[in-house]
Amino acid sequence: MRSYWAYIMTNRTHTLYVGMTNDIERRVYEHRNHLVPGFTSRNAIDRLVYAEETDDVAAAIEREKQIKRWRRSKKVALIESANPKWRDLSIDR
């Protein structure tokens with residue numbers, strides 16, 4: 001079974017980034033090491049604070065789009081419902 005992930009990453013100032021991937025470990029590594037130019041590199045996005053796994057690529061894409069449309073307060077509530085201390089979840093992987 002293949003896994004797909006909708007995820008939220010942040011930095012030390014809690015700037016949020018919502019993404020989708022089929023390889024969460026690789027993607028976190030890319031963000032953390034600023035390997036892809038753009039928003040995440042400019043803002044030092046380096047902490048995985050929320051992730052949802054599914055085996056349906058279409059569901060993962062739709063969930064990413066849904067979360068991206070939300071206001072910041074709703075994204076923060078989602079993060080805090082699963083990770084109230086905003087721990088870096090990639091450390092446990």
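When hydrophobic clusters are built by joining Ile, Leu, Val, Met, Phe, Trp and Tyr residues whose side-chain heavy atoms come closer than 4.5 Å, directly or via intermediates, Val49 is grouped together with Val76. In the hydrophobic cluster analysis, where Ile, Leu, Val, Met, Phe, Trp and Tyr join through side-chain heavy atoms closer than 4.5 angstrom, Tyr50 is grouped apart from Tyr7. Val36 is not connected to Phe39 by any chain of hydrophobic side-chain contacts under 4.5 Å among Ile, Leu, Val, Met, Phe, Trp and Tyr, and they are in different clusters. Clustering ILVMFWY residues whenever any of their side-chain heavy atoms sit less than 4.5 angstrom apart, transitively, puts Met9 in a cluster other than the one holding Ile79. Cluster annotation: Trp5 and Ile45 are assigned to the same hydrophobic cluster (Ile/Leu/Val/Met/Phe/Trp/Tyr, side-chain heavy-atom contacts under 4.5 Å, transitive).
Considering only heavy atoms from C-beta on, His14 comes within 4.5 Å of Trp86 through its side chain. A 4.5 Å side-chain heavy-atom check between Arg87 and Arg47 finds every atom pair outside the cut-off. Inter-residue side-chain proximity for Thr40 and His34 is flagged as unmet; no heavy-atom pair is nearer than 4.5 Å. Residues Glu52 and Arg63 form a side-chain contact, since some pair of their non-hydrogen atoms from C-beta on lies under 4.5 Å apart.
Here Arg32 pairs with Asp88 in a salt bridge; the nearest charged N to carboxylate O distance falls below 4.0 Å. Ion pairing of Glu62 with Arg69 is present here, as a side-chain N (NZ or NE/NH1/NH2) and a carboxylate O approach within less than 4.0 Å.
Side-chain atoms of Asn11 come within 3.5 Å of backbone N or O of Asn43 as a donor-acceptor pair. Between the side chain of Asp55 and the backbone N or O of Arg2 there is no donor-acceptor pair closer than 3.5 Å. Looking only at distances, no side-chain donor or acceptor of Asn33 sits under 3.5 Å from a matching main-chain atom of Leu35. With Thr10 contributing its side chain and Thr15 its backbone, the two residues share a donor-acceptor pair below 3.5 Å.
Between atom CD1 of residue Ile8 and atom CD of residue Glu64 there is a gap of 10.5 Å, rounded to the nearest 0.5 Å. Atom CD in Glu30 sits 10.0 Å away from atom OG in Ser41 (nearest 0.5 Å). To the nearest 0.5 Å, atoms CD (Glu80) and NZ (Lys85) are separated by 12.5 Å.
With a 6.0 Å radius and a threshold of 12 heavy atoms from other residues, nucleotides or ligands, Arg71 has its CZ atom at or below the threshold.
The shortest heavy-atom contact between Arg26 and Thr21 is NH2-OG1, 3.4 Å. Across all non-hydrogen atoms, the minimal contact from Ala6 to Ala60 is CB-O, 4.1 Å.
Judged by distance alone, the side chains of Asp56 and Thr54 never bring a donor and an acceptor atom under 3.5 Å apart.
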Practice item. Begin from the C-alpha positions of Val57 and Met20 and carry the test side chain to side chain contact (heavy atoms under 4.5 Å, CB included) through to its verdict. Key: CA-CA 9 Å; Val57 66; Met20 178 271 184; 3.7 Å; yes
Check your understanding: Passes side chain to side chain contact (heavy atoms under 4.5 Å, CB included), His31 versus Asp46? Steps please.
Key -> CA-CA 6 Å; His31 286 305; Asp46 61 358; over 6 Å; no
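When each of Val18, Asn83, Ile67 is tested with Leu78 by the rule side chain to side chain contact (heavy atoms under 4.5 Å, CB included), just one qualifies, namely Ile67.
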